[in-house]
Participant: 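Let me begin by handing over the structure; questions about it come next.
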Amino acid sequence: MSAVGTNGGRREWRANAVLTALLVLALVFFGNRVAREHLALKHDLSEDQLFAPSDVGLRIVRELEDLVQVRAFFTGDVKSGVVQIAKRRLMDQLDEYVEASNGRVQLSYVDPNESSEAMAEANALGIPGVPIQRPAGSSVTTQNVWLGIVLRYRGRELVLPWVLPQIFEFAFLGGIHKLTRDADVTVGFLVHGGQGDDDEFADVRSLLVGQYRLREVLDLELGDPVPDDVSVLVVARPIELHPRAVFAVDQFVQRGGRVLFLVDRVLVDLAQGRVAPVTTGLEGALDTWGVGVGAELVWDVDACNRIPMREPESGRQITVPFPVWPFVDQRGLDATTPVTAQTRKADFFWAHPVGAARRAVDGLERTDLAWSSDLSWRVDATRSAVLDPAAIQAQSAALVARGDAEPSSILVALSGRFPTAFPNGAPTPYDAVDEALFVDRVRRATEAGEAPPERTTETTSEDVLDRAAPSQIVVVGDADWATSTNNGKFLTLDNRLLFVSLVDWLALADDLIALRARVPVPRQLDDFLEQERRARGLVGPRTEVDDDSAQRVARIETEAEEAAAARRVRSMSIATGGALGLTLALGLLWRLAFRRTPKRKGASA
Amino acid sequence: MRGVTAIFHREFGGALSSPVAWVVTVLLILVLHAAFFFLGFPVGDRALPAFWTGSTASLDALFAWLPVFFAVLAPALTMGAWAEERRAGTDELLLTLPVHTRALVFGKFLAAWLLLGTITTISVLPVAWMVASIGPLDWGTVWGGLLGAWLLAAVCTAIGLATSALAREELVAFLVAAVLLIGLWSAGLFVRVLPGPLAEFAWYASPALHFLESGARGVFDLRDLAYYGLFVGGGLLFNVSVVEGRRYS
């Protein structure tokens, strides 16, 4: 009998085992603590690269010219487990950038819960204590938690009042980017006619607040120029811009200013089923620059969003593909331009084709950034507010039968030295008296049954700049995508990203585009059902016009659904069968090897 | 280390010669795949939809299940490593061999780890190929996930072996190891109710979270590697110490 069998030996053995276990646990615990503090090497093998510092982020901190002081106002003893873990992650992320900066980022922590001075400092900086609740037994306790950061660089200061790991990288690096830029970049907004009375674009404005100074551009028609401090001008849904306002935009472009035009040629009222044409006032200028926004709409049967409708017969609420709400995914986005190379999708609503002007313009380079699918047409805008599934299906079927589909550009960039649209002189500013007289002349002509008088534009003797400085403009054949109408549903996450990326691009802030674009790539599976429907010639909404066709379509739909289900089963069988087959193959290999080995051993023996 | 290869061959061959490993493999494949395709991962904050419901080319739900499966599989594969030797009385013969205890422990560990890792790879790769054929699968996350799964398997195997060395009965070894591993896995589920420092400790102590936060997302982090290494090293050290104690006591 071994000594283990005796009581004394077993006791000693157990004591040793327990002691060893404790020592091992202590080793594991402290080893991990040391590793956590001192090992910072991390590599992201995934394609999306979301979980390690981005290359552009590391470059920003490595290329800092001077010290950036980071003062983190973090609560030390966070009671909530979830927030504590979030804080730990933030600290890890901060450490990664401090490490990468080679001493150019200096980090210090302050705990506002520890001292009243620190709390007062945090409050003075606008860093709030956020009440966080945590269950404690049968009750709930609340603790004010601070997770704010102050960045300081060459006497300038930027406060990030509340950061979380999910938004940390953009907030932190975007903040450093803003602080280290030589001057603030101002983005001007010219909405509609420049009256400043519309907040459809308030949401997209708010997206720019952290990075840019914003200002409304007003009274251009009265003779004011676009303010000098504006670097990028957003002309959002222009409606009947006065020639003098167009002249101001033209001269802004001549001075090197960059412009984003969001152009609608129709206004659609879905509730009333009305479509009203829009004159932007910019038609002449855009034509001079070699680009035109068509009055037709893009009808995309292949890549379009769905709209909720009521089925006429049953009254059921259904969603059907709405071809005048096209989306553009990576197939239709220019992969060579930073702004669209990092965009994954854009949703448009009643988009107009952005085509070439009647004549090409020397010295301007055109880049088509986004275009509709191969299965799209240009259609008359008047049918775009019809919410009848059968009519939409009929229109799609008729277009497919016609067979002349072709992609339409929706987003176009032009760069170079732009010719002025006012070679004959600057138009006179708006004059209320002249306007009143003109309206009166029109009224009297109408009453007399005569043709209304044409508006004449007089010019002034001001100097007109022509091809004065290189510039860049972007023309989008839709403005709805950037508005907060339809309860904000048009301004999708992808559209938000596209809008700010366009502004970043025009403001020459490509780094920000790269940072903003750090979102997961969509990884949708093949839609078996849609593929089977297409293979059977079904496109667009699942409705038909007459009863016979409806029965035929219903039969094909059922066939498609069965085929899709069979493909799903086949896919699962391949995966599971493959795994079982691999197991069987390994088993057979092992049996073969196992049978051979004893014979050899026997022979040698 | 002299003897490691011989012990490895003995253990690995023994495992493959018995029907248990094959039955376990087939069961794992069927259950894991069924969970992935039809159930998703409906547990905690990391709930994920079933593959067909989510319609996304990703193996997240498959990887999310692995720590749970390892908590059962690793003890099942290691429970007999020492306990069975003791029950059959072969441990005394084994311990008298001119082989260092470290070689014995390491050989057994390698055999069980390789078996568990191979079973996992066989279960995962065909699914990955299938998913890649019908969607844009990120292969980086697959390779990262497999690497992480092998490391997690090493931790679970080391813990399973250590409990097997302590227990007299296989069933006891299995239950203790399974409870320990399930406990470590579930630590991450309680961070909402735990106080801050304890939650942070639970978060970092859980091998499952080191896997799900890093490897399963395709991230290679040296801190995770240190964590796995320390856990495996500690587990094997403990194992050696226990066996050594028995050898010389």
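Below, read A as the first sequence line, B as the second, and so on, with proteins coming before strands; counting in each chain starts at 1. These numbers were taken from a predicted model, which means no experiment stands behind them.
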Participant: So does A/Q93 have more than 12 non-hydrogen atoms from other groups sitting under 6.0 Å from CD?
Facilitator: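 It does: A/Q93 CD has more than 12 such atoms within range.
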Participant: With rounding to the nearest 0.5 angstrom, report the OG to CH2 distance, B/S17 to A/W590.
Facilitator: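 The CH2 atom of A/W590 is 6.0 Å from OG of B/S17, to the nearest 0.5 Å.
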Participant: Name the member of A/K79, A/K87, A/R568 that forms the most heavy-atom pairs with chain B at distances under 4.5 Å.
Facilitator: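 When all of A/K79, A/K87, A/R568 are compared, A/R568 has the most.
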Participant: Between B/W129 and A/I574, is a side-chain contact (heavy atoms from CB on, under 4.5 Å) present by the stated rule, with each step listed?
Facilitator: CA-CA 9 Å; B/W129 278 315; A/I574 289 170; over 6 Å; no
Participant: Could you give the distance from CZ (B/F231) to CG (A/L27), rounded to the nearest 0.5 Å?
Facilitator: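 Nearest 0.5 Å value for the CZ-CG distance: 11.0 Å.
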Participant: Under a 4.5 Å heavy-atom cut-off, does chain B meet the side chain of A/L23, its backbone, both or neither?
Facilitator: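 Interface part for A/L23: neither.
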Participant: So, using ring-ring contact (aromatic ring centres under 6.0 Å, His included) as the criterion, who are the partners of A/F29 when residues are at least two apart?
Facilitator: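 With sequence neighbours excluded, A/F29 shows a ring-ring contact (aromatic ring centres under 6.0 Å, His included) to B/F201, given in chain and number order.
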Participant: What residue in B/A128, B/S241, B/S55 has the most heavy-atom pairs under 4.5 Å with chain A?
Facilitator: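 Going by pairs under 4.5 Å, I would pick B/S55.
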Participant: Hey, can you tell me if A/F528 and B/W52 have their rings parallel, tilted or perpendicular (30° and 60° cut-offs)?
Facilitator: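 Because their plane-to-plane angle lies in the 30° to 60° range, the rings of A/F528 and B/W52 count as tilted.
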Participant: Find the distance between CZ (A/F30) and CG (B/L230) and round it off to the nearest 0.5 Å.
Facilitator: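 That separation rounds to 12.5 Å.
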Participant: Restricting to non-hydrogen atoms, name the atom on B/A199 and the atom on A/I85 that form the minimum distance, rounded to 0.1 Å.
Facilitator: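 The pair with the smallest heavy-atom distance is O-CD1, 4.0 Å.
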Participant: Just distance, no hydrogens or angles: give the donor-acceptor pairs under 3.5 Å from side chains in residues 20-38 of chain B, sequence neighbours left out.
Facilitator:
unit_1: B/W22; atom_1: NE1; unit_2: B/L16; atom_2: O; d: 2.6
unit_1: B/T25; atom_1: OG1; unit_2: B/A21; atom_2: O; d: 2.6
unit_1: B/H33; atom_1: ND1; unit_2: A/T576; atom_2: OG1; d: 3.0
unit_1: B/H33; atom_1: NE2; unit_2: B/S123; atom_2: O; d: 2.8

Participant: Identify which part of A/D77 has an atom lying under 4.5 Å from any heavy atom of chain B, answering side chain, backbone, both or neither.
Facilitator: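 The side chain, not the backbone.
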Participant: Would you say B/E213 and A/R89 make side-chain contact, with heavy atoms under 4.5 Å?
Facilitator: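 Answer yes - side chains close enough.
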Participant: At a 4.5 Å cut-off on heavy atoms, which part of B/I119 comes close to chain A: side chain, backbone, both, or neither?
Facilitator: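 Neither part; nothing is under 4.5 Å.
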Participant: Just so I know, are the side chains of A/L586 and B/I122 near enough to count as touching, which here means a heavy-atom distance under 4.5 Å?
Facilitator: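 A side-chain contact under 4.5 Å exists here.
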Participant: Taking CD in A/E114 as the centre, count heavy atoms belonging to other residues, nucleotides or ligands within less than 6.0 Å. Is the count above 12?
Facilitator: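 At most 12 heavy atoms, drawn from other residues, nucleotides or ligands, come within 6.0 Å of this atom.
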Participant: Using non-hydrogen atoms only, which part of A/L580 is less than 4.5 Å away from chain B: side chain, backbone, both, or neither?
Facilitator: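 It is both, since atoms from each part get that close.
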Participant: Using modelled atom types and a 3.5 Å cut-off, is there a donor and acceptor pairing between side-chain atoms of A/R523 and backbone atoms of B/P136?
Facilitator: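 Side chain of A/R523 to backbone of B/P136: a pair is present.
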Participant: Which atom names give the shortest non-hydrogen contact between B/P126 and A/L582, and what distance separates them?
Facilitator: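 Here B/P126 and A/L582 meet closest at CG-CD1, 4.0 Å.
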Participant: Run the side-chain contact (heavy atoms from CB on, under 4.5 Å) check on B/R223 and A/D92 step by step: do they pass?
Facilitator: CA-CA 11 Å; B/R223 285 169 292 196; A/D92 288 347; 3.7 Å; yes
Participant: Enter the distance from A/D526:CG to B/S133:OG here, rounded to the nearest 0.5 Å.
Facilitator: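 Output value for this atom pair is 8.0 Å.
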Participant: I want to check something: taking the side chain as every heavy atom from C-beta on, are B/W139 and A/S46 in contact at a cut-off of under 4.5 Å?
Facilitator: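 No, side chains not in contact.
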Participant: Using a 3.5 Å distance criterion without hydrogens, assess whether the side chain of B/D138 forms a donor-acceptor pair with backbone atoms of A/E47.
Facilitator: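 Checked: pair present.
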Participant: Is it the backbone or the side chain of A/V28 that comes under 4.5 Å from a heavy atom of chain B, or both, or neither?
Facilitator: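 For A/V28, heavy atoms of backbone and side chain both lie under 4.5 Å from chain B.
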Participant: Are more than 12 heavy atoms from other residues, nucleotides or ligands located less than 6.0 Å from atom CG of A/L493?
Facilitator: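 It does not: A/L493 CG has 12 such atoms or fewer within range.
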Participant: Rounded to the nearest 0.5 Å, what's the gap from CD1 on B/I134 to CZ on A/R567? Could you check?
Facilitator: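 So the gap between those two atoms works out to 8.5 Å.
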